[in-house]
Amino acid sequence: MTTTYYPAIEELKAQAKRLRQAMNDRGTTLTHSAALEMIARQHGVRDWNTLAALAAKPNAGPKTQLFVGAYIRGRYLNQPFTGEVLALSALPGGDLHRITIHFDEPVDVVTFESFSAFRRRVNAQIDADGVSPRKTSNGVPHLVLDL
């Protein structure tokens, strides 16, 4: 897994704003969301939500090496967690990995106030940056590791 550095979200949004203004000055109307998507593609990711998740992670220091038994932390369904990697394998094609994580403390995967559902272990797919390609209905990746 390689280390990639991303600008802060504020800078990425400023880039999108400048792009939108430049396109509008040239007579091509561009929405803000379309500009954000174009900025994401320029940074080599598939969409703005993925880029925003990557940019929200700290860029300082080397990435944590993933291996079975590694102690990691991140966000699962936007809930913070710490835990241990129980299984890790590359999926065909080499772009994604399958990971099994055992959480130190159960994570509540329901946001409804009157109901809770706690998970202690999760199986997911992640890319080289530790971000799940699957997203919640509001566009947040299911799993984001702090690598």
Side-chain angles (χ1 to χ4, degrees), residues 1-66 70 72-83 85 87-101 103-147:
M1 295 187 170
T2 60
T3 301
T4 304
Y5 295 96
Y6 298 97
I9 284 194
E10 295 79 22
E11 174 56 27
L12 294 168
K13 287 181 178 180
Q15 289 176 14
K17 186 176 180 180
R18 289 190 300 269
L19 173 63
R20 182 178 182 202
Q21 184 63 48
M23 295 299 288
N24 288 341
D25 289 348
R26 288 168 180 77
T28 303
T29 302
L30 188 66
T31 65
H32 186 66
S33 61
L36 290 171
E37 296 296 323
M38 291 176 84
I39 294 298
R41 283 186 222 111
Q42 287 177 342
H43 284 276
V45 297
R46 72 174 174 204
D47 59 32
W48 168 253
N49 290 328
T50 302
L51 180 60
L54 293 170
K57 297 189 324 184
N59 287 325
K63 281 189 164 187
T64 302
Q65 291 295 321
L66 286 180
I72 59 171
R73 70 167 147 210
R75 298 185 75 73
Y76 178 66
L77 297 177
N78 214 23
Q79 302 296 320
F81 74 85
T82 56
V85 176
L88 181 67
S89 62
L91 294 173
D95 294 337
L96 295 175
H97 290 78
R98 184 177 320 237
I99 190 168
T100 301
I101 303 168
F103 299 135
D104 292 335
E105 297 293 327
V107 173
D108 190 358
V109 298
V110 177
T111 57
F112 189 63
E113 294 176 12
S114 301
F115 178 72
S116 292
F118 291 94
R119 292 193 75 180
R120 186 76 178 195
R121 185 174 293 183
V122 65
N123 297 302
Q125 293 179 355
I126 57 171
D127 62 17
D129 294 308
V131 178
S132 171
R134 297 193 176 169
K135 296 181 175 29
T136 61
S137 60
N138 62 354
V140 176
H142 285 191
L143 179 66
V144 177
L145 302 181
D146 294 339
L147 298 180

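As the structure is a prediction and not an experimental result, all values here were calculated from the model.
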Minimum-distance pair of heavy atoms, taken over all atoms of [X] and [Y]:
{"X": "Ser116", "Y": "Asp108", "answer": "OG-OD2, 3.1 Å"}
{"X": "Pro7", "Y": "Ala55", "answer": "O-CB, 3.4 Å"}
{"X": "His43", "Y": "Gln15", "answer": "NE2-OE1, 3.2 Å"}
{"X": "Pro80", "Y": "Val107", "answer": "O-CG2, 4.3 Å"}
{"X": "His142", "Y": "Thr136", "answer": "CD2-N, 3.5 Å"}
{"X": "Phe118", "Y": "Pro106", "answer": "CB-CB, 3.8 Å"}

Atom [atom1] in [X], atom [atom2] in [Y]: separation rounded to 0.5 Å?
{"X": "Asp127", "Y": "Leu91", "atom1": "CG", "atom2": "CG", "answer": "11.5 Å"}
{"X": "Leu19", "Y": "Gln42", "atom1": "CG", "atom2": "CD", "answer": "6.5 Å"}
{"X": "Leu77", "Y": "Arg75", "atom1": "CG", "atom2": "CZ", "answer": "10.5 Å"}
{"X": "Ile99", "Y": "Leu88", "atom1": "CD1", "atom2": "CG", "answer": "5.5 Å"}
{"X": "Leu51", "Y": "Ile39", "atom1": "CG", "atom2": "CD1", "answer": "8.5 Å"}
{"X": "Arg18", "Y": "Glu11", "atom1": "CZ", "atom2": "CD", "answer": "5.0 Å"}

side-chain contact (heavy atoms from CB on, under 4.5 Å) partners for Lys17, two or more places apart
none
Can you list the residues that meet the side-chain contact (heavy atoms from CB on, under 4.5 Å) rule with Ala90, with sequence neighbours excluded?
His97
Side-chain donor/acceptor pairs under 3.5 Å, residues 27-35, sequence neighbours excluded:
{"unit_1": "Thr31", "atom_1": "OG1", "unit_2": "Ser33", "atom_2": "OG", "d": "3.3"}
{"unit_1": "Thr31", "atom_1": "OG1", "unit_2": "Ala34", "atom_2": "N", "d": "3.1"}

So does [X] have more than 12 non-hydrogen atoms from other groups sitting under 6.0 Å from [atom1]?
{"X": "Arg120", "atom1": "CZ", "answer": "yes"}
{"X": "Lys13", "atom1": "NZ", "answer": "no"}
{"X": "Arg46", "atom1": "CZ", "answer": "yes"}

Criterion side chain to side chain contact (heavy atoms under 4.5 Å, CB included) against Leu145, the qualifying member of Asp129, Val131, Ile101
Ile101
Do Leu143 and Ile126 come within less than 4.5 Å of each other through their side chains, counting heavy atoms only?
yes
So do Thr100 and Arg121 actually touch side chain to side chain, heavy atoms under 4.5 Å?
yes
Run the ring pair (Phe, Tyr, Trp, His ring centres under 6.0 Å) test against Phe103 and tell me which residues pass, sequence neighbours left out.
Tyr76, Phe81
Which pairs with one or both residues in residues 22-42 pass salt bridge (charged side-chain N to carboxylate O under 4.0 Å, His left out), sequence neighbours excluded?
none
Of all residues at least two apart in sequence or in a different chain, which pass the salt bridge (charged side-chain N to carboxylate O under 4.0 Å, His left out) check with Asp104?
none
